[in-house]
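What follows is a set of notes on a single structure, which appears directly below.
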Number of protein chains: 2
Amino acid sequence: MSISLSVFIKGKRKQLKLTQPDLAERAGVGLRFVRELEQGKESVRMDKVNQVLALFGSELGVVTKQDV
Amino acid sequence: MSISLSVFIKGKRKQLKLTQPDLAERAGVGLRFVRELEQGKESVRMDKVNQVLALFGSELGVVTKQDV
DNA sequence: CACTTTTATACCCCAAAGGGTATAAAATGA
DNA sequence: TCATTTTATACCCTTTGGGGTATAAAAGTG
């Protein structure tokens, strides 16, 4: 199933022992974006989110009932 | 697994026999947004996407390896 | 075929996303 | 506890997402 995006990202980042500035730089997004993302801001841009997720080998997708 | 967002949405809409204006109104988003979304625009806002997906009982989530 | 409906493209406009940065607050650890 | 690192808040600024709408192009339908 899918979990909270912010939780997922924060967890993955910690797992890789990266700071927010680290993650921002590696993902090629702004530091502010990483913070807002981890704080659960809903109105983020999907392409930016995917840039971050790409670092973890994941991607944003539609989770349907059949998927489970 | 996850499929293309635009394909998923367009498919679901057709399935429900809705026009783009219909979907836009029901989801509470603009018509332009629905169109850009179905045309695969990457830089859409996540909250708006979820507004549309909510109509289908789905939601945008992170698909991880374990999910499959 | 023409007629109707649906979808795509194009324009203006405003609110807000997000980058940068500076400062404050928390967390971590010696 | 104090010092250092990490994270959060706040501000300015530029860019752009997205709403509305008008027009053009496609796709259906008789």
Side-chain angles (χ1 to χ4, degrees):
Chain A
M1 268 295 297
S2 78
I3 63 174
S4 155
L5 192 57
S6 57
V7 168
F8 178 81
I9 286 177
K10 187 177 281 186
K12 276 284 182 182
R13 178 174 63 77
K14 294 282 186 189
Q15 205 173 310
L16 298 179
K17 298 209 189 305
L18 297 174
T19 65
Q20 290 174 340
D22 285 341
L23 181 59
E25 189 181 7
R26 289 216 202 175
V29 300
L31 175 55
R32 248 200 39 189
F33 176 77
V34 169
R35 287 176 177 160
E36 291 178 333
L37 186 58
E38 289 197 356
Q39 278 161 38
K41 187 177 183 182
E42 303 270 342
S43 56
V44 288
R45 277 176 49 174
M46 228 181 52
D47 57 338
K48 299 285 174 186
V49 176
N50 278 326
Q51 259 178 268
V52 173
L53 289 176
L55 227 66
F56 307 140
S58 306
E59 63 172 49
L60 208 54
V62 180
V63 180
T64 64
K65 300 294 190 300
Q66 311 93 282
D67 298 341
V68 189
Chain B
M1 267 294 299
S2 78
I3 63 173
S4 155
L5 190 58
S6 58
V7 169
F8 179 81
I9 288 177
K10 186 176 282 185
K12 275 285 182 183
R13 179 174 63 78
K14 294 283 187 186
Q15 205 173 312
L16 299 179
K17 298 208 189 302
L18 298 175
T19 64
Q20 289 174 341
D22 286 341
L23 181 59
E25 188 180 8
R26 289 215 201 177
V29 299
L31 175 55
R32 250 201 37 191
F33 175 77
V34 170
R35 287 176 175 160
E36 291 177 335
L37 185 58
E38 290 198 357
Q39 278 161 41
K41 188 177 183 181
E42 303 271 340
S43 56
V44 288
R45 276 176 49 173
M46 230 180 52
D47 57 339
K48 299 284 174 185
V49 176
N50 278 327
Q51 259 178 269
V52 173
L53 288 177
L55 228 65
F56 307 140
S58 306
E59 63 172 45
L60 208 53
V62 180
V63 180
T64 63
K65 300 297 191 299
Q66 311 92 283
D67 298 341
V68 188

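Computed from a predicted structure; not experimentally measured. All chains are named by letter (A, B, ...) in the order of the sequence lines, taking the proteins before the strands, and each is independently numbered beginning at 1.
- When distances are taken from the side chain of B:K10 to each of C:dA8, C:dT21, D:dA8, the shortest belongs to C:dA8.
- Using a 4.0 Å cut-off between charged side-chain N and carboxylate O, A:E38 and A:R13 make a salt bridge.
- The shortest non-hydrogen separation linking B:L53 to B:L60 is CD1-N, 3.7 Å.
- Using a 4.5 Å heavy-atom threshold, the side chains of A:V44 and B:R45 count as separate.
- Side-chain atoms of B:R35 lie closest to C:dT9 of the nucleotides C:dA22, C:dT9, C:dG18.
- We find that CZ of B:R13 is positioned 14 Å from P of D:dA27, with the value rounded to whole Å.
- Atom CG in A:N50 sits about 16 Å away from atom C1' in C:dA17, given to the nearest Å.
- Nearest heavy-atom pair, B:V52 versus B:F33, reported as atom, atom and distance to 0.1 Å: CG2-CE2, 4.0 Å.
- Listed pair B:Q20 / C:dT5 fails the phosphate criterion, with no side-chain N or O lying under 4.0 Å from OP1 or OP2.
- Two residues, B:L31 and B:D47, neighbour DNA chain C, and the one matched to the more 5' nucleotide by heavy-atom proximity is B:L31.
- Rounded to an integer number of Å, the gap from NZ of A:K41 to P of D:dA10 is 14 Å.
- Rounded to an integer number of Å, the gap from B:E25 CD to C:dT6 C1' is 16 Å.
- Distance from the side chain of A:T19 is smallest for D:dT7 among the nucleotides C:dG18, C:dA8, D:dT7.
- For the pair B:I9 CD1 and C:dT7 C1', the computed distance is 16 Å after rounding to whole Å.
- Going from atom CZ of A:R32 over to atom C1' of C:dT23 covers 15 Å, rounded to whole Å.
- Contact of A:R45 with C:dG18 (side chain to base): no donor-acceptor pair of N or O atoms is detected under 3.5 Å.
- As a whole-Å value, the separation of B:F33 CZ from C:dA17 C1' is 14 Å.
- Of all the heavy atoms in B:S43 and A:D47, the pair that sits closest is CB-OD2, 3.5 Å.
- A:L18 has its CG atom 13 Å from the C1' atom of D:dT6, to the nearest Å.
- Applying the 4.0 Å criterion to OP1 and OP2 of D:dT9, one finds that A:Q39 has a side-chain N or O inside that range.
- Mapping B:K14 and B:S43 onto DNA chain D via the closest heavy atom, the residue that lands nearer the 5' end is B:S43.
- Here A:K48 reaches the OP1 or OP2 of C:dG19: one of its side-chain N or O atoms lies under 4.0 Å away.
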